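We're numbering straight along the sequence, starting at 1. All of these numbers come straight from a predicted model, not from anything done at the bench. Below, all heavy atoms of this structure are taken into account, side chains as well, without hydrogens, waters or symmetry copies.
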Amino acid sequence: MLFRCCTKLQSAKCLHARLIVSNAIQNVCISAKLVNLYCYLGNVVLARHAFDHIQNRDVYAWNAMISGYVRLGSSSEAIRCFSLFMQTSGLQPDYRTFPSVLKACRNLLDGMKIHCTALKFGFLWDVFVAASLIHLYCRYGPVTNARRLFNEMPFRDMGSWNAMISGYCQSGNAKEALTLSKDLKVMDAVTIVSLLAACTEAGDFSRGVMIHLYSIKHGLDSELFVSNKLIDLYAESGDLRGCQKVFDRMIVRDLISWNSMIKAYELNEQPLRALWLFEEMRLNRIQPDCLTLISLASILAQLGDIRASRSVQGFTLRKGWFLEDITIGNTVVDMYAKLGLVDSARAVFNWLPSKDVISWNTIISGYAQNGYASEAIEMYNKMEEEGGEITANQGTWVSVLPACSQTGALRQGMKIHGRLLKNGLYFDVFIGTSLADMYGKCGRLDDALSLFYQIPRVNSVPWNTLIACHGLHGHGKKAVMLFREMLDEGVKPDHITFVTLLSACSHSGLVDEGQWCFEMMQTDYGIAPSLKHYGCMVDLFGRAGQLETAFNFIKSMPLQPDASIWGALLSACRVHGNVDLGKIASEHLFEVEPEHVGYHVLLSNMYASAGKWEGVDEIRSIARGKGLRKIPGWSSMEVNNKVEVFYTGNQTHPMYEEIYSELTTLHAKMKMIGYVPDHRFVLQDVEDDEKEHILMSHSERLAIAYGLIATPPKTTIQIFKNLRVCSDCHSVTKLISRITEREIIVRDSNRFHHFKDGVCSCGDYW
């Protein structure tokens with residue numbers, strides 16, 4: 001009773017003194033309880049002092065000291081104390097000794113030594129010892145060892161079942177945990193929490209619902225930690241109503257409950273509801289923690305609320321969480337990157353007191369996702385140069401490889417591929433898919449296909465990538481063949497599969513095949529078309545010149561058309577010269593997205609092609625009034641491990657005189673074989689001579705001329721352009737490939753063009 005009353009260290013010391021005076025300290029049981037008390041109060045030094053003064057220590061005293069070390073996190077001291085006990089005491093351990101010392105093991109070798117000792121003294125039959133060994137093997141050793149031990153147990157209590165099930169969950173074997181639980185007739189709250197986690201990880205939500213029903217039937221759903229796990233389960237399945245029902249029925253809610261609900265709405269892209277819950281949490285006087293702020297940062301990024309996001313950063317600084325938890329710093333970097341504030345993201349990244357691999361992955365992906373591919377590659381190289389304890393992982397590769405795809409940095413991508421070959425990681429489905437995507441978008445479709453057949457293809461992700469790559473190269477029929485092969489292998493297509501497939505059909509003029517895919521998506525797979533699918537269909541009809549069909553299709557849509565729908569129609573009207581329908585499309589477009597500079601440029605170009613300069617002046621005046629600036633056209637190419645970038649009309653390149661001289665020579669040769677400049681693609685109202693000079697200074701022509709000068713004869717020239725290739729440059733590039741006997745590969749904003757012997761792979765359809 002006296003020991004229970006001591007809740008402070010000073011009172012424990014007074015009790016210790018009284019026990020010494022009364023000579024009660026000589027009692028081993030009392031001394032052992034004193035050791036327990038000091039450990040409970042967090043003072044291991046006084047606990048050890050009391051332990052050392054016990055004259056005739058028994059097993060209970062040794063167990064008290066060992067468990068005290070474990071409770072206070074002194075694992076090595078606990079192991080050392082156990083070794084001392086075994087070597088010097090002359091006593092035998094009991095069933096209470098092993099669970100404590102097994103908790104102290106921090107590696108498999110120590111655990112196996114304790115296992116041998118337990119086996120020697122015949123304690124493997126004890127359910128507590130066996131359950132502790134199962135926990136150990138699940139943490140540090142092959143989970144098969146734990147399962148073998150579990151199978152050999154003559155009697156299993158609830159703790160044993162829970163140990164094995166949670167062990168499977170912790171080792172990533174959720175399906176095995178669920179299979180094992182089928183033999184379990186009775187469950188307690190701990191079992192239910194482990195199985196709900198397994199259902200969430202395995203995506204077996206119907207089983208999760210059955211476990212929920214069991215918990216209701218046996219009155220376990222009212223347990224706080226069970227309710228919290230149920231919220232996580234329903235959130236992962238996308239059932240927000242289920243989440244809310246569980247939350248509303250909770251009599252007691254803790255911070256984890258609120259965090260789980262906020263995260264549920266955040267994960268399912270309902271940021272306003274998540275923000276409302278956060279405000280309600282504050283009204284209930286629940287103080288947020290780091291996990292709350294991580295969800296809040298993502299919510300504000302979804303809402304695009306820059307002002308509030310800066311408040312989140314300020315709050316974390318005041319709390320000192322930046323210094324305490326690196327996850328908070330990484331979250332703020334990610335938040336700014338998703339808001340498009342890459343400079344702020346970089347500033348926070350630079351300010352982080354310490355950086356882990358997630359920090360680097362976050363800034364690399366932030367740059368890549370915001371279109372700063374060169375900066376993303378630069379950050380990756382910087383991470384590699386710094387070295388140290390930070391090693392690139394799956395997240396690094398899947399962040400930097402898309403950046404290589406964007407810039408066409410094939411050599412950089414190949415270096416990464418070489419490194420992945422050494423460690424065998426290219427067999428990972430996500431890394432392998434990213435590599436295949438990189439090769440496909442860098443013009444090496446055969447290499448992409450070769451990689452594709454080496455990686456697991458059990459889900460739609462790699463198939464979607466290869467279909468998209470074939471579409472990008474204008475191989476629509478091959479894309480459809482790949483889709484049929486995917487179905488033959490029993491892989492179920494998803495909504496992204498049909499987006500890539502419809503896009504591939506669009507780039508190849510496969511109108512009938514595209515309509516077949518659109519119908520199949522709905523009738524065979526029950527996928528309701530999204531705006532992306534409708535946009536692809538409008539693009540399909542528009543590219544094929546079926547403008548009225550495209551317009552009628554838009555009018556029949558059950559969804560409200562967005563900017564991408566009207567933008568696809570406007571682009572088609574610009575290509576096919578339908579000014580009247582283009583004007584209708586632009587009116588709808590500017591209602592939906594009035595601040596997009598690209599759509600103003602598109603309409604202006606359409607008027608310019610038709611020679612309607614008054615319309616050009618009007619649109620340009622409107623754009624200037626809104627403060628919109630046209631994105632300059634550029635083309636890039638890699639020569640001698642260096643990426644050269646050329647802007648339209650650029651005369652600042654060190655070799656610009658040689659470049660223009662080469663273009664003048666080529667221009668004369670092209671005219672001799674019938675080339676006539678197409679002045680429709682000059683978007684200024686100037687004289688014909690000036691129009692010809694403007695056409696000659698387009699960025700892709702500058703890049704081609706430089707490639708002809710800087711590379712040996714017969715070498716393939718590969719160029720990446722940020723805008724669509726104009727028709728005149730397309731005709732010129734065909735002629736240059738014929739005159740110079742070079743293969744020229746151009747990837748514009750839409751697709752790849754392979755020019756060889758005066759012919760383009762697109763068949764003049766793009």
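With sequence neighbours excluded, the residues satisfying side chain to side chain contact (heavy atoms under 4.5 Å, CB included) with C243 are I231, Y234, A235, M261, A264. Listed by chain and number, the residues in a side chain to side chain contact (heavy atoms under 4.5 Å, CB included) with V458 amount to none (sequence neighbours excluded). Partners of Y372 under the ring-ring contact (aromatic ring centres under 6.0 Å, His included) rule, at least two apart in sequence or in another chain, do not exist in this structure. With sequence neighbours left out, F278 forms a ring-ring contact (aromatic ring centres under 6.0 Å, His included) with no residue at all. Here D437 pairs with S405, K441, T465, C469 under the side chain to side chain contact (heavy atoms under 4.5 Å, CB included) rule; sequence neighbours left out. With sequence neighbours excluded, the residues satisfying side chain to side chain contact (heavy atoms under 4.5 Å, CB included) with L531 are M557, L559, D562, I565. By the ring-ring contact (aromatic ring centres under 6.0 Å, His included) test, H533 is found to be paired with no residue, residues two or more places apart in sequence or in another chain being considered.
D757 contributes atom CG, which lies 9.0 Å from atom CD of E743 (distance to the nearest 0.5 angstrom). Remark: H698 NE2 to C726 SG distance equals 5.0 Å, nearest 0.5 Å. From H754, atom NE2 reaches atom SG of C762 across 10.5 Å, with rounding to the nearest 0.5 Å. Of the inter-residue distances, the one linking W276 atom CH2 with Q270 atom CD reads 13.0 Å to the nearest 0.5 angstrom. Here the CG atom belonging to L267 is positioned 9.5 Å from the CD1 atom belonging to I299, to the nearest 0.5 angstrom. For the atom pair K721 NZ and E700 CD, the distance stands at 3.5 Å (nearest 0.5 Å).
Ring pair F452/W463: centre-to-centre distance below 6.0 Å.
Residues G542 and A550 approach most closely at N-CB, 4.3 Å, considering heavy atoms. Of all non-hydrogen atoms in A448 and A436, the two that sit nearest each other are CB-O, 3.2 Å. Among all heavy-atom pairs drawn from P462 and P456, the shortest one is CG-O, 3.7 Å. Taking all atoms of both residues into account, the shortest heavy-atom contact from S399 to S365 is OG-CB, 3.5 Å.
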Review point. Where do L569 and S571 land on the side-chain contact (heavy atoms from CB on, under 4.5 Å) test, with the steps shown first?
Key: CA-CA 5 Å; L569 182 61; S571 180; over 6 Å; no
Point to revise | Worked verdict on S761 versus R751 for side-chain contact (heavy atoms from CB on, under 4.5 Å) | key: CA-CA 11 Å; S761 60; R751 55 166 295 161; 4.2 Å; yes
Exercise for review: Run the numbers on C760 and F755 for side-chain contact (heavy atoms from CB on, under 4.5 Å), then give the verdict.
Suggested key: CA-CA 4 Å; C760 179; F755 299 93; 3.7 Å; yes
Practice item. For the pair L451 and T433, evaluate side-chain contact (heavy atoms from CB on, under 4.5 Å) and give the outcome as yes or no after the intermediate values. Key: CA-CA 8 Å; L451 260 171; T433 300; over 6 Å; no
Check your understanding: Please walk me through it: do F551 and F541 pass ring pair (Phe, Tyr, Trp, His ring centres under 6.0 Å)?
Key -> CA-CA 9 Å; F551 186 46; F541 292 128; over 10 Å; no
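At least one donor-acceptor pair under 3.5 Å links the side chain of R747 to the backbone N or O of Q406. Side-chain atoms of S508 never come within 3.5 Å of backbone atoms of C505 as a donor-acceptor pair (strictly under, hydrogens ignored). Put simply, the side chain of T733 gets close to the backbone of C729: a donor and an acceptor are under 3.5 Å apart. Judged by distance alone, with hydrogens and angles left aside, the side-chain atoms of S503 form no donor-acceptor pair with the main-chain N or O of T500 at under 3.5 Å.
Using a 4.0 Å cut-off between a side-chain N of Lys or Arg and a carboxylate O of Asp or Glu, K245 and D239 do not qualify as a salt bridge.
For the pair V491 and R457, the minimum side-chain heavy-atom distance is 4.5 Å or more. Between K263 and I294 the shortest side-chain heavy-atom distance does not fall below 4.5 Å. Between L466 and H470 the shortest side-chain heavy-atom distance falls below 4.5 Å.
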Quick one: side chains of residues 333-345, donor-acceptor pairs under 3.5 Å with protein atoms, not counting sequence neighbours, listed by atom name and distance.
| residue | atom | partner | partner atom | Å |
| --- | --- | --- | --- | --- |
| D334 | OD2 | K338 | NZ | 3.1 |
| Y336 | OH | Q313 | OE1 | 2.5 |

Quick one: side chains of residues 515-529, donor-acceptor pairs under 3.5 Å with protein atoms, not counting sequence neighbours, listed by atom name and distance.
| residue | atom | partner | partner atom | Å |
| --- | --- | --- | --- | --- |
| Q522 | NE2 | F518 | O | 3.0 |
| T523 | OG1 | E519 | O | 2.9 |

Can you give the donor-acceptor pairs under 3.5 Å from side chains of residues 300-307 to other protein atoms, not counting sequence neighbours?
| residue | atom | partner | partner atom | Å |
| --- | --- | --- | --- | --- |
| Q302 | NE2 | E266 | O | 3.0 |
| D305 | OD1 | R307 | N | 3.4 |
| D305 | OD1 | A308 | N | 3.0 |

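At most 12 heavy atoms of other shown residues, nucleotides or ligands fall within 6.0 angstrom of atom NE2 in H495. For D248, the CG atom is densely surrounded, since the number of other residues' heavy atoms within 6.0 Å is greater than 12. Summarising the local packing, CZ of F430 is surrounded by 12 or fewer heavy atoms from other residues, nucleotides or ligands at distances under 6.0 Å. Heavy-atom contacts from other residues, nucleotides or ligands closer than 6.0 Å to CZ of R273 number more than 12.
Sorted by first and then second residue, the salt bridge (charged side-chain N to carboxylate O under 4.0 Å, His left out) pairs involving residues 459-484 (not counting sequence neighbours) form an empty list. Sorted by first and then second residue, the pairs that involve residues 525-542 and meet salt bridge (charged side-chain N to carboxylate O under 4.0 Å, His left out), not counting sequence neighbours, are D539-R543.
With 3.5 Å as the limit, one finds no donor-acceptor pair spanning the side chains of D494 and N459.
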